Structures are given as structure tokens and as C-alpha cells.
Amino acid sequence: LRSAYTEHHERSFPVSSTFYITTPIYYVNARPHLGHAYTTIVADSLRRFHTLLGEDTWFLTGTDEHGDKIVKAAEAAGQTPQEFVDGISGQFQALWPKLGIKHDQFIRTTDADHKARVQAFLQKVYDNGDIYFGEHGGHYCTGCERFYTEKELENGLCPQHLTKPDFIQEKNYFFRMSKYLPWLAGHIRENPDFIRPERYRNEVLSMIESGALEDLCISRPKTRLEWGIELPFDKDYVCYVWFDALLNYISALGWPDGDKYAAYWPGEHLVAKDILKPHGVFWPTMLKSAGVPLYKHLNVHGYWLIKDTKMSKSLGNVVEPIKMAEHYGLDAFRYFLLRDMQFGSDASFSEEALITRFNADLANDLGNLFSRVLSMNAKYFESKVPPMGELAEDDKALIELAENSRRNYVQLFGNIRFSQGLDALWDLVRALNKYVDSQAPWTLFKQGDTARLGTVIRLLLECMRKVALCLWPVMPGTAAALLEQLGQPLPASERFGVAPAGNVNAEEGVWECLATGSVIASASNLFPRLEIPEEMKEDKKAKQKKPAKEKEAKAAPASAPAEMSVPGVAEYADFQKLELRVGTILEAGRVPKADKLLCFKIDLGEAEPRQILSGIAEHFEPETLVGRQVCVVANLAPRKIRGLVSAGMILTAETPDGELTLLAPVGDVAPGSKIS
Ligand code: MSP
């Protein structure tokens, strides 16, 4: 599956001197939820990633505080608009540090400085002749804070909110957006990653080509709305909230003459697909009209869904990010968000998926690696870093794999493919666990081969340092703790804010970083395995009971991913959730009072053999299976069957006449080998 990327690994990631990242400025009519947290955590991780590349970074977030929606929400809360926006903006500002987010600047559109710069921009566009006064009737959706043309409505309804907009006829100011649309289409075609991933670029191109876009109404008469920025050329009007809000990205930097503007613009924007049009169409045409350089990239992600539906207050399914971070650990939550969403596509959020990911990647792979290697180093070398001796072929292969894994991680992460980037880094984590198994330090110890034992442990420790360094953008606290365990502490005051020493791009060939003979941690237990709570299992059982067909299905298919959206069709992302591995059967036995069940102990290349139950007792004699290799679904949520925990599933093929065969690789392979 990943071989497609290895061909790119020779390219080093292009580094600029500065990196400026923004999130949308969030409306203050609702409390921050998982969706806001996701975008802001991604921005924080990207900012940290670019700091690790040695760039000078600036990270802006903030709140969008003008417009009808806010006035209505304030009225409903019995407050003045200013009191109301102060309260909710404060909640956003208080939340971000709790999620490990270190923004450099927080902008509010009610800031006096922002208002002055919006007025200067409006005046500039007006003086250029791109704003005119006209009479206009249009369909106004309060939810979107914008007019829709007839063509844009779907069955007369707002396509976002599925509500009937109000028809409003009034005199207003218009921005000559249509004048710039042919130019914009050309720019998008010539710069294929200006809007990315590609599907959103195509969406913007078809919006432009559909002919449905007209000039943009950029004012609201004060008789209808006062809560906004007054137009510099007509005091009876305020500025349309989107025109005001988009400008935050440059007003924050002090456009037109601020030092930060000179240093950091043009920047990178991060948004979800809901606000593609303002960012993909309004904003570049506004910039063009004012003669301001365009942003570098518009990076667009999908939605986090809850059981395939949107989060909403009325459905009572809003996920509070802080609760998740408190319950599962901040870094585990951040890791899950970046790892489980394919940037650009929608993803389903569930605590069960979080626990499964936690157990597979953090407890089994990463946590286990640190715990095994540090405790072996404690036992064999009194926790002192052993010297690196002569390298064997296996060591050289591991070094090559480590270099590739890091390069792929850098390349993918930098190109906003966070999930694939982390998976590329996990290639190294998994390889390190396998290297422990294949080198068997315990045997080297028994044989008294101290030099070889030292080299094996030292190489592992050096690779672990690289993993910890690469993890810092996503899991800053964990990276700091792991580096500390390896004797590479970050200054306490700078743990979260300042990047660790080192530069991910300049890591090539750096293989003796730890201090030989220095004492490092003797144990590590950052990610103890989590149990899936009974109520989540119950929930899943109930789901599985529903469709009669699924009930009839045999043991194996019964655990097919529950979140599939189209029956019978696995999205690529669904398939990617499965972790398939080759295992070697170490033990096989019958389960008392269960005619169909066999209980296996299977070597999956992990510290302990896995216990897996399978309903295949009618087809095999258990003794004949010991030593056989099988294909296993390795990240299936563990469940109890007849009082025994089963952590995985063995794959079989069934002939039309009901005979079962175990699936296995053609030749023997190392236990734990990944099937893709
Ligand atoms: N105020 C405007 C943005 C102006 S930017 C110049 C706005 N605010 S918002 O509060 O509605 O935030 C929308 C953004 O919140 C999305 O683009 C996305 O970044 C984030 N999310 C809100 N819900 C989300 C999900 N369910 N999933 C992922 N992110 C989502 O629009």
C-alpha cells in the first residue's frame, strides 16, 4: 500500500524561512467543540512541524464576532452583543492552551486595530473602482450570513442549512467579484495545489464555471444590522461579516505596513469544507483587487461525524474536546485526531475507535517499544547508554529503514497528509519492535556477547530518539517525556513551546546522538492499555444484532466495521482502519463447554503472545495447528467470549460446501508482518 511513497523518499522537504498558518476565526455563537479543536490542533501540529524544520513560524487563530447570527445569539442569552462576544471568545481563548495549542496571536474582529485595517482595505478597493452601489433583491440565509442567487439554491432552500432563505430587496454596496473570476480560474489551473486536496480545487473550479457566481454584496444597511464595521465611504452601512472576517488573516499581521505582514505574508490557511467558497473564491478575488499577494495554499479538510451524522446541539451529540483530552490524555487525543482522519475526507469519531487506536499504536507499538528497550538496558547495562560497536547487515538495514521512514514522514506531513505521515513513522516503530524480536537481546545476554548486545540496544535507543523528535509536532508532551527518558531533556519551561534541539530535515546520518555511558530511564509506562468499557461493547452488540443478515453471518464477518456508510461498500478509509498481520500459532486448545470454539496463543511479534478465540473447532484439530502461520485482524477491539478475552480474529476461507481453510502467507514470514 505504501510502496507508492517510497519512490519519493529521496526528495528532501523544501524549507522556507518563514511559515504562517491560520485557522478560521470561529463564530462566537456557540461553545467550542471537537470540530474547532481539530482544525486548531492540526494548525498547532503544522506550526510545530515547521519549527522543527528550522523555519520561523507564526500561528494565528481568533474569533469572528460581527453579524446577524451573533446579535440573535446575544438576544437569546439576554446580553448585549459585546458582553456576549467577550464571554464566548474568552472560552475559546481559555480552551486552546488546555489542548496543547500554542498560538502566537489571537485576533478578535471587534479589535479596534482590525476594524481600522478593514476600513483601509475597503477604501482601497473602493478607490480602485471595484465597489459600486446598487439595488438588489436576493435570498438571504442568516445561518450562512449571505445572499444566495436563484441558481445556487437547491429546491428553493439554502444548500447548507436546508432552510428557506428570506427574500430581501434593498440598496447595497457590491464588490466586482465577477470581474476577477476568469483570472481566478486561470490561477487555480496553473497552480494545482493552490487549493488542496484536489477534490476541493475541482469544486471551486466548477463553482466558477457554473456561472452561478455574481458580484458580492458587501454591505448591510444599519437600519437592519448595526453590529459590524462601518463602511469608510458611507456611515449608514456596515461591512458584510465575511468581507470583514476574511481580512483578519492580514489585519492581524498589520497589513499594509506592519513588520509581521512583511515577514510572514503570504501564509497557509486551514479550513473545513463548509467554508470553501468564501476562502476559495471571495478571498483571492478580494486580495487581487487590492493588489495584495495571494495566500500560498488553502488546505481543506472534511467533517468529523458522529455515527455518520453531523454534530449538532439539537441531536445532543456534540463532542467536548476537553473531556476527551482529560479522559484519554491530551497527546493520545491529538494523535488520534491526526491519525484517524484522512485529511480532506470525513471521518467518524467514536471513543471506541479512539481506544482501539490507542491500544494498537500507543500501547502496543510505541509504549511497548520504550518499555521493553529501557527495561532491557536497565537489566543489561545498569541503565547506562552502551557504546555502538561494529554494525551488522541487520543494523544497516534498520538504519536504512529508519532514514526512509523519517523522510517519508517529513514529506507526507509537510504535504498535509498527516495520517499517512504518522503511519510512515510507525513503520519505524513497528520495525524496531521486530528488530528486538529478531535480535533477541536476551539470548545475546545469555551468551555473554556484550559488544553485540550493546550495539543492538544502542541502535534501538538512537532510533527511539528519532521517533520521539518526529512526534513532537503531534504529541509535544509525550515527545518531551520520551526524550527525557533518553537523557535528552527539554528545558522545563520550554517543554511545550520550543522545539527540541534538532531539525527533522537535518537528521540524515545522525546516528550517535546519545551520550555513551550516561544514565537514562530504567522504565517507561506512558500508555498502559485501555479496556473498552462494557457500555460501548453493549452499544456495539446492539448495533450488530439489528440486521438479520449480519446475525446469521459466521464469526468472522460479524465484526466488519460498524461505520460503513453504504451497505456492502468499504470506503478506502474503512479498509485502512484494519490492521492485518501474519501470526504464528504457539498454542491451540479447545474451550470447555464450547463445541465450536478454539483458543489460540499467537505470536504477532509483540512482547506477549495474543490470545484469540475462533469459532472453527468443527473444522480443525487444535494440535495440528501449532506452528502454522495465519492471517490475523490485529486491531479488532478485544471482547470476552465465554469469559475469555479474544484480541483479534483469524481469517479463513470458506468453500461453497462449507469447508474451512486457514489463510496464510505462501512462505514463512516474520511474525507480526503487516498485510497490505
Ligand atoms: N466564522 C467563520 C469563519 C471565518 S474565517 C475568516 C466560521 N466559523 S465556525 O465557527 O462556523 O467555524 C467553522 C470551522 O470550524 C470549520 O471550517 C472547521 O474548521 C471547524 N469545524 C466545525 N465543525 C466541524 C466538524 N464537524 N468537523 C471538522 N471541523 C469542523 O465558519
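Every value quoted in this text rests on a predicted model; they were computed, and no experiment measured them. As the structure lists them, so they are numbered: ligands from 1, and atoms in each ligand from 1.
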For a side chain to side chain donor-acceptor pair (under 3.5 Å) check, start with the C-alpha distance between Asp130 and Ser289, then their side-chain angles and the critical distance, and finish with the verdict.
CA-CA 7 Å; Asp130 279 344; Ser289 162; 2.7 Å; yes
Could you point out which residue of Tyr240, Phe243, Phe133 forms a side-chain contact (heavy atoms from CB on, under 4.5 Å) with Tyr173?
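So, applying the side-chain contact (heavy atoms from CB on, under 4.5 Å) to Tyr173 and each of Tyr240, Phe243, Phe133, only Phe133 qualifies.
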Answer yes or no: does atom NZ of Lys179 have more than 12 heavy-atom neighbours from other residues, nucleotides or ligands under 6.0 Å?
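Count over threshold, so yes.
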Option among Trp265, Tyr249, Tyr264, Phe194 that satisfies the ring-ring contact (aromatic ring centres under 6.0 Å, His included) test with Tyr295
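The residue from Trp265, Tyr249, Tyr264, Phe194 that satisfies ring-ring contact (aromatic ring centres under 6.0 Å, His included) with Tyr295 turns out to be Phe194.
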Give a yes-or-no answer on whether the side chains of Glu145 and Trp242 include a donor-acceptor pair shorter than 3.5 Å.
no
Give a yes-or-no answer on whether the side chains of Asp215 and Tyr132 include a donor-acceptor pair shorter than 3.5 Å.
yes
Residues around ligand 1, heavy atom under 4.0 Å from any ligand atom, sorted by chain and number. Can you pull those?
Pro24, Ile25, Tyr26, Tyr27, His33, Gly35, His36, Thr39, Asp64, Trp242, Ala245, Leu246, Asn248, Tyr249, Ala272, Asp274, Ile275, His279, His301, Gly302, Tyr303, Trp304, Met311
